[in-house]
Each structure stands twice: as C-alpha cells, then as structure tokens.
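Notes for the one structure printed next.
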There are 2 protein chains.
Amino acid sequence: MDEDFGPLIFRRLWCGRKLKPEDVEALSHLHWVPQSIAAKSTFNPGTNLCILASGLAVRQRAEGPGVRQMTAVVLPGDTCSYEFVTGSAPTTVLRALTDCKAMQASLEDVVSLVEQRPAILQALLSHLAVDHAVTEELVTSISTRSALERTAHFLCELEFRLRRMGLANNGQFSLSMTQAEIGVYLGLSAVHVNRTLQELRKRGALSTRGNRLTLDLEQMRSIAGFVPDYLTEATADAPRRFDA
Amino acid sequence: MDEDFGPLIFRRLWCGRKLKPEDVEALSHLHWVPQSIAAKSTFNPGTNLCILASGLAVRQRAEGPGVRQMTAVVLPGDTCSYEFVTGSAPTTVLRALTDCKAMQASLEDVVSLVEQRPAILQALLSHLAVDHAVTEELVTSISTRSALERTAHFLCELEFRLRRMGLANNGQFSLSMTQAEIGVYLGLSAVHVNRTLQELRKRGALSTRGNRLTLDLEQMRSIAGFVPDYLTEATADAPRRFDA
DNA sequence: CGCCAGTTTGATATAGGTCAAGTGACGTGG
DNA sequence: CCACGTCACTTGACCTATATCAAACTGGCG
C-alpha cells in the first residue's frame with residue numbers, strides 16, 4: 001500500500017487537468033517524508049507541503065480545549081495547510097479524526113520543483129482557491145440551509161470529493177465522523193444531526209451500515225440543492241465542467 | 001484625494017510589516033488603472049490585482065438574482081479577488097454596496113514587480129491567508145455565536161480593519177450597509193438585526209447617527225469575545241501581536 | 001462482564017424567523 | 001412647494017426549527 005501513496009496522493013492534483021504525466025512523475029520524485037498521525041491528535045505541517053494520504057482530518061480553531069468550531073474537512077489527496085504558500089502562521093490547527101497518514105515535502109524542495117514545473121504551482125494554487133470556495137459554501141450552508149438541506153449538502157460534497165479520489169463508488173463511501181463531529185462542523189447539535197439522518201434514511205436518500213454510507217445521489221442532491229461548481233477548478237481557458 | 005490613493009491603498013499591505021519603504025515606493029510606481037464602480041453593480045477584476053480604494057463591497061455567490069449569501073466584506077485597502085494568484089475562476093462575484101473606487105494592475109506588471117521584490121508577493125499572499133481566516137471566523141460566528149455576539153463581533157472586526165486603514169478612530173466609523181445587508185452577511189433576518197442593534201444600543205455598547213457608528217470598544221469586545229488574532233499576519237519570525 | 005463511546009428517543013424550552021403594519025426621511029415630478 | 005413613492009428602519013404578534021436536558025439503548029472492547 002505504501003508504494004501506492006505516490007500515484008494516489010497526486011490524484012487530486014492530477015484530476016484538475018492541469019498537470020501533464022511528466023509533472024506527476026516529477027512530483028513523485030520529490031523527497032516525501034511519510035508521517036503517521038494518531039487519531040484525535042493535532043498536527044501542524046508548518047511550511048512543508050503536506051498532503052493527506054489516508055484517514056480523515058479537520059481544520060479547527062486553535063483556541064483552548066472544549067468544543068471548537070471546525071472549518072474544514074480534510075480528505076485524502078487534500079493539501080493540509082497552505083502555510084507553505086502564504087507564509088502566515090495559521091489561526092487554525094489540524095486534528096486527525098482517525099489515524100492518518102500524510103506525506104510532507106519541504107518548502108525548499110517544493111520551490112525548486114515548482115521553478116522547473118510551474119504547472120505544479122498552478123495546480124496547488126487552484127487547490128487553495130477550491131478550499132476557500134468550500135469554506136464559503138459552508139458559510140452559505142450554515143446560514144441559509146435547513147438542517148436537512150445542510151446535512152444532505154455535506155454528504156453530497158463528501159461523496160463528490162471522495163469519488164474524485166476513487167474513494168467513493170455509486171454513492172457509497174465510509175465516513176469516520178461521529179454524529180457529534182458532524183454537528184460541530186455543520187453548526188447543529190448532535191441530537192439534531194441524529195434526527196436529520198433518520199429523516200434522510202426515512203426518505204430513502206441515505207442508508208448506513210456502521211461507517212459505510214450509501215447515498216441515493218439523485219434524491220440527496222435534490223434535497224441539498226447541490227451544485228458542485230465550487231469544487232472544481234475552472235479557468236478562463238478551461239471552463240467549469242457541469243457533468244459531475 | 002486622488003493623488004492620495006497611491007500611499008493610501010498600500011497602507012493595508014504596509015501595515016503587515018512585511019514591506020520596506022522601497023517596496024511601497026515600487027508598488028506605487030506600478031501602472032495602476034483606476035476604476036469607478038457604481039453602487040449595487042457587480043464587477044470582476046479577473047486576473048488583475050485589484051485593490052479597493054474607497055467604498056464598500058462584498059463578495060457573494062455568483063448565482064442568479066434574489067438574496068444571495070455574502071461571504072466577505074471588502075474594505076478599502078483590501079484585495080478584491082485572488083484570482084491573480086490562483087488562476088481559478090471564482091465562484092463568487094464582487095458587488096459594490098456603495099459607489100467604489102478600485103485600482104487595478106495587470107497580472108504581467110505584478111509578476112515582473114514581484115520578481116524583483118518578493119516581499120510584495122509575501123505581503124499579498126499573507127493577505128490571502130488573512131482573508132481566508134476571516135471567512136473561517138465567519139463560519140464560527142454563524143454557527144456558534146448568538147445574534148448579539150455575532151453582531152458585536154462583526155462590528156468589532158469592522159472597527160479593527162477600518163482602524164488599521166485609518167478609517168476608524170475611537171471606535172467611530174461610518175458603515176454604509178443596510179440592516180438587511182448585515183443580516184444576509186451574518187445569517188440573520190433584517191428584523192432580528194434591528195432588534196439586536198437596539199439591544200447593543202440599550203447596553204451602551206453602540207450609538208449611531210445615520211451611517212456613523214460609535215462603539216464602546218471595551219464593552220463591545222467583551223460581548224463579542226473578540227480576539228483579533230485572525231486578522232493579523234503572524235509568521236514564525238514575527239509572532240502575532242496581542243496589543244490590538 | 002461491565003464499561004464506554006456513540007446513538008436513539010422523548011419532553012420541553014427558546015432564539016430567531018416570518019408576517020404585517022406603521023413611521024420617518026429623502027428624492028422626484030407636477 | 002407640495003404630494004407621492006420608495007426605501008430603510010421599527011414595532012408587535014405569532015410560529016417553528018432547533019437546542020437542551022435527561023434517560024435509555026447499543027455494540028465493541030479490555
């Protein structure tokens with residue numbers, strides 16, 4: 001499995017259509033340092049480029065203990081932090097929800113690679129834009145959608161992002177978040193998340209077995225009003241694809 | 001006033017402490033194209049670097065008409081869009097709430113300037129990080145704070161950002177947003193914004209005369225639980241300042 | 001076996017939404 | 001200069017989505 005990390009973690013970068021095979025090849029020759037992160041622990045890649053290889057992590061406020069707001073869910077293939085771009089110390093911290101693996105490359109290595117292959121920088125930067133768009137979508141979700149819509153939207157987004165990484169099929173994927181954690185992310189109480197999920201099940205949009213979720217994509221998307229534009233990397237020359 | 005634009009609009013970049021006087025000097029010699037934007041109209045700087053010089057704008061979802069969610073308030077000195085960094089077509093659009101002036105510089109000009117003066121790029125990128133942090137703060141505000149706290153927090157943030165630009169003094173500044181617009185931004189109904197502002201006035205944390213607001217900063221911050229860390233550009237070598 | 005974390009259920013409370021009507025300021029055209 | 005329309009703000013009455021509290025249930029694990 002370890003040798004698969006190379007190709008796998010670049011899939012997210014790759015699927016933006018900005019990279020040529022040679023770019024991916026070059027990326028995979030970087031000096032990547034694997035890192036294991038224990039469930040529930042926090043980590044901070046600093047100015048390294050850090051890509052999540054497996055597991056599930058969230059970004060949350062750095063403040064003291066207690067229930068903190070989560071501002072993003074980090075999935076395999078996602079860039080954990082953009083401090084390597086912005087140089088600013090983040091006000092948020094990463095927390096692994098499950099045991100995670102991440103791959104890190106030092107800022108210097110990335111810089112020299114990027115100087116040779118600017119497409120890689122472009123791909124990373126457009127990830128940054130997508131990540132920002134996801135946060136903005138969360139704002140609209142929390143402030144305008146009902147609990148049912150919000151939860152459905154969350155599941156649609158996860159499915160979309162996981163499928164892009166080959167981690168979801170036919171609306172099926174596994175999700176290691178407790179209902180309480182989902183609640184923190186969506187600004188709902190754990191109890192209400194529970195009832196909302198029940199409602200989605202009752203309507204046949206969702207079925208669960210343990211971690212394993214199956215969505216009725218059609219129905220779920222119509223409940224959520226899900227339009228995945230914001231998750232894709234449109235540019236002037238390569239307009240957003242609406243086929244997803 | 002026009003000739004002040006040069007120095008003035010760079011104040012935001014300048015106050016991050018990343019730029020030397022020569023950098024600001026160099027910035028001001030860029031070929032800036034001024035632009036006037038009529039109130040209520042939308043605009044899109046594309047890949048130009050676009051800095052708001054005066055007025056008030058918001059970032060909002062690009063979708064059809066009707067009440068759309070706002071995801072950010074853009075103040076003078078702020079960078080309107082980071083498309084020039086990310087290259088991605090944004091899913092959001094800028095809308096002027098009042099008549100605005102903005103200064104634009106073309107991507108090519110910026111690139112060549114930045115090659116000579118990397119500190120400028122760093123300053124721009126750390127703005128990007130701050131803007132993202134502001135959005136994240138909005139998420140936590142909407143999902144965890146009460147209407148009163150949220151509104152107070154919003155006002156504290158505005159005061160902080162305006163003061164940094166020399167546009168607020170002693171908690172006084174003017175704000176050309178209707179209560180309905182504030183409501184859209186904060187995820188509250190216009191009616192509730194109204195009652196919330198009344199409550200703030202009743203407590204003596206706020207007084208208003210037309211557009212002109214005066215905050216009792218001490219009280220307002222304590223209501224809001226306002227900690228401005230997220231608005232400043234901390235780095236490893238220049239840690240966040242807590243004096244604000 | 002018993003504990004613990006997670007989920008489920010029921011009962012109750014409340015923050016904030018919605019609707020409707022009224023006020024006040026300001027601008028425009030007659 | 002006044003009548004009118006518009007837009008923002010205000011107020012009151014009512015309603016509902018969601019929070020909160022409390023307790024029971026479940027399943028895995030030491």
Legend entry - Pairs meeting criterion ring-ring contact (aromatic ring centres under 6.0 Å, His included) with involvement of residues 183-216 of chain A, two or more places apart: A/Phe154-A/Tyr185
Inset, instruction - Name all residues meeting the ring pair (Phe, Tyr, Trp, His ring centres under 6.0 Å) criterion together with A/His127; count only those two or more places apart in sequence or in a different chain, and write none if there are none. - result: none
Legend entry - With sequence neighbours excluded, residues passing ring pair (Phe, Tyr, Trp, His ring centres under 6.0 Å) with B/Phe226: B/His153
Inset, instruction - Go through the structure and list residues passing side chain to side chain donor-acceptor pair (under 3.5 Å) with B/Gln198, not counting sequence neighbours. - result: B/Asn194
Legend entry - Check: B/Arg161 and B/Phe173 side chains under 4.5 Å, non-hydrogen atoms: no
Inset, instruction - Going 5' to 3' through nucleotides 4-12 of chain C, assign each nucleotide B (protein heavy atom under 4.0 Å from a base atom), S (under 4.0 Å only from sugar-phosphate atoms) or - (no protein heavy atom that close). - result: --SSBBBB-
Legend entry - side chain to side chain donor-acceptor pair (under 3.5 Å) partners of A/Ser143, counting only residues at least two apart: B/Gln69
Legend entry - Reported OG1-to-CG distance for the pair A/Thr92 and A/Asn44, which is rounded to 0.5 angstrom: 8.5 Å
Inset, instruction - Determine yes or no for a side-chain-to-main-chain donor-acceptor pair under 3.5 angstrom, with B/Arg221 supplying the side chain and B/Ala152 the backbone. - result: no
Inset, instruction - Nearest 0.5 Å please: distance from the CG atom of A/Asp78 over to the CD1 atom of A/Ile51. - result: 9.0 Å
Legend entry - Set of residues satisfying salt bridge (charged side-chain N to carboxylate O under 4.0 Å, His left out) with respect to A/Glu199, sequence neighbours excluded: A/Lys202, A/Arg203
Inset, instruction - Answer with base, sugar-phosphate or nothing: what part of the nucleic acid does B/Gly187 contact at a heavy-atom distance below 4.0 Å? - result: sugar-phosphate
Legend entry - Leading and trailing nucleotides of DNA chain D with any atom under 4.0 Å from heavy atoms of chain B: D/dA8 to D/dA13
Inset, instruction - With sequence neighbours left out, write down each residue that passes side chain to side chain contact (heavy atoms under 4.5 Å, CB included) with B/Val58, or none if nothing qualifies. - result: B/Gln60, B/Met70, B/Val73, B/Arg95, B/Leu97
Inset, instruction - Only counting residues at least two apart or in another chain, list the ones meeting ring pair (Phe, Tyr, Trp, His ring centres under 6.0 Å) with B/Trp32. - result: B/Phe10
Legend entry - Inter-axis angle, terminal five-pair segments of the helix from C/dC1-D/dG30 to C/dG30-D/dC1 [nearest 10°]: 30°
Atom pairs, N/O to N/O, protein against nucleotides 21-24 of chain C, distance under 3.5 Å?
none

